[in-house]
Amino acid sequence: MNQNLNETAPPFPPETVWDVEGGKAAGIYTWFKEINEELPDGWVVSDNKKMFMLGGYSYLGLNKRQEINQAAIDTIDKYGTGMSGSRFLAGTTELHSRLEKKIAGIHEKEAAIVYTSGYLANISSLACLLRKRDYIICDKLNHASMIDGGRYSNAKLIRYPHNDLDRLEKILSDIPNSSRKLVIIDAVFSMSGEPADIPRIISLCKKYKAYLMVDECHSMFVLGKSGGGITEYYNIQPDDIDIIMATLSKSIPAAGGYLVSSKRIVNYLRHESRGFIYSIALSTAMAATAIKGLEIFEAERQQLVKRLHGNTKIFKDKLRSLGVPVGNSVTSIVPIHVGNPMKAAVAAKTCQDHGLYIHAVFPPVVPAGKAILRASITAAHKKEDLVSAATTIGNILANLENIETPELSGFNLR
Ligand SMILES: Cc1ncc(COP(=O)(O)O)c(C=O)c1O
């Protein structure tokens with residue numbers, strides 16, 4: 001196909017945010033690295049090489065648990081692999097209803113609705129929960145799916161500077177009392193692992209009569225002594241948050257995203273949310289996988305979470321002892337601060353060359369000048385591997401100035 005049909009118009013498609021070709025030419029393009037197999041203890045095979053996975057989200061280390069695999073296999077034998085339609089029509093099975101009931105029970109909420117992914121759950125619910133002349137108020141560093149959901153909504157989207165709750169209060173106080181308003185917030189920010197000040201946000205929402213939706217993708221099953229998420233961490237009542245959203249694709253090794261709330265709100269979403277109505281149902285294999293994953297979580301939550309927290313501490317402590325700055329994460333997300341995006345790219349590539357499956361994250365996903373290597377720890381990791389990985393990272397970062405980067409001029413982060 002002709003690369004550019006119209007020489008007088010800008011190129012189609014427009015340029016990517018990152019100079020992908022420049023990165024490839026410079027030999028520091030690390031994305032889409034194929035995985036051939038998952039091995040025990042947080043190892044994978046990639047390009048026929050064993051690598052230590054530090055970029056995955058299977059926080060509780062449940063992926064490949066035999067009972068979970070078996071649940072998926074049994075379900076495929078019973079239902080097949082395909083779904084016959086959306087949940088609204090031929091796609092609701094007994095498994096979907098059971099899964100939603102279980103999720104609602106774990107969160108001590110009246111009802112749950114499950115979508116095929118967390119991204120879809122956020123954009124599809126936010127697109128319909130509010131109307132014209134309503135307001136959605138959002139932290140600038142919320143996950144893309146929340147920001148995108150706010151954009152798809154007909155409501156006015158207002159974003160405030162990261163963690164600036166005085167600004168949030170000002171915004172809320174300026175909105176007429178008679179308007180519908182929804183504050184949306186990540187419980188734990190996905191790039192830093194830091195928690196939002198949910199207790200203060202709850203009190204602001206109460207004061208200004210705003211509804212509150214909290215994304216718990218990185219806190220549910222992880223935070224709190226028994227993995228109860230942000231409500232356990234801050235000891236707040238489930239009813240203080242109107243809608244909790246989370247994913248079934250990280251700690252729970254399935255796919256899907258959900259919202260838990262009142263029966264009234266969930267019933268509304270079941271009949272108004274276009275990503276639920278006009279898209280295929282979550283596969284039965286994934287529904288069964290999620291149910292089994294949640295059952296294991298319920299039975300073993302204390303031990304699994306204790307191991308996860310212990311592993312995270314080992315990794316962070318070792319990095320800190322080597323002088324590596326790891327920020328203030330309270331979860332198993334470990335942001336390893338590098339600063340300069342070029343250096344972060346080189347560090348990620350060098351880590352990969354040393355057998356660590358890890359990536360760099362650049363602005364605009366993180367603030368300008370704050371590029372990181374982003375590690376995430378799981379309960380499956382072994383102590384000695386974590387210490388060894390942290391040592392490798394510490395050595396690479398200490399040596400970063402001396403690592404040759406001759407082709408870097410070709411890699412321009414726009
Ligand atoms: C905070 C947050 N919200 C939503 C999502 C989307 O979830 P899913 O991967 O299930 O689409 C993610 C995924 O990375 C996330 O980190």
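When a ligand or atom number is given, it counts from 1 through the structure's own listing order.
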Chemist: Kindly identify the option in G118, S190, S249 whose heavy atom sits closest to atom 9 (O) of ligand 1.
Modeler: S249
Chemist: Working note: N63 + E38, criterion side chain to side chain contact (heavy atoms under 4.5 Å, CB included); need CA distance, chi angles, decisive distance, verdict.
Modeler: CA-CA 9 Å; N63 197 34; E38 286 256 349; 3.6 Å; yes
Chemist: Going by the order shown, which atoms of ligand 1 are within less than 4.0 Å of some heavy atom of S145?
Modeler: 3 (N), 4 (C)
Chemist: Taking only distance into account, with no hydrogens and no angle test, what donor-acceptor pairs under 3.5 Å do side-chain atoms of residues 239-255 form with protein atoms, sequence neighbours excluded?
Modeler:
| from | atom 1 | to | atom 2 | distance (Å) |
| --- | --- | --- | --- | --- |
| D240 | OD1 | K206 | NZ | 2.9 |
| D242 | OD2 | L212 | N | 2.8 |
| T247 | OG1 | S249 | N | 3.0 |
| T247 | OG1 | S249 | OG | 2.7 |
| T247 | OG1 | G256 | O | 3.3 |

Chemist: Would you say that more than 12 heavy atoms from the other residues, nucleotides or ligands in this model lie under 6.0 Å from the CD of Q237, or not?
Modeler: no
Chemist: What atoms of ligand 1 come closer than 4.0 angstrom to any heavy atom of C217?
Modeler: 1 (C), 2 (C), 3 (N), 4 (C), 5 (C), 15 (C)
Chemist: Just to verify, what does H162 make a ring-ring contact (aromatic ring centres under 6.0 Å, His included) with, not counting sequence neighbours?
Modeler: F189
Chemist: Below 4.0 angstrom from a heavy atom of H218, which ligand 1 atoms are there? Numbered from 1 as shown, please.
Modeler: 1 (C), 15 (C), 16 (O)
Chemist: Regarding R131 and D134, does a basic nitrogen lie under 4.0 Å from an acidic carboxylate oxygen?
Modeler: no
Chemist: Do R65 and E300 sit within salt-bridge range, that is, some charged N less than 4.0 Å from a carboxylate O?
Modeler: yes
Chemist: For atom 6 (C) of ligand 1, what is the closest protein heavy atom, and at what distance to 0.1 Å?
Modeler: Y119 N, 3.4 Å
Chemist: So which protein heavy atom does atom 5 (C) of ligand 1 come closest to, and at what separation?
Modeler: H143 CE1, 3.4 Å
Chemist: Can you tell which part of M146 has a heavy atom less than 4.0 Å from ligand 1: side chain, backbone, both or neither?
Modeler: neither
Chemist: Give the residue, atom name and distance (to 0.1 Å) of the protein heavy atom nearest atom 14 (O) of ligand 1.
Modeler: K250 NZ, 2.8 Å
Chemist: Please report which non-hydrogen protein atom sits nearest to atom 3 (N) of ligand 1, along with the residue it belongs to and the distance in Å to one decimal place.
Modeler: D215 OD2, 2.6 Å
Chemist: Hey, is D166 close enough to K170 for a salt bridge, meaning N to O under 4.0 Å?
Modeler: no
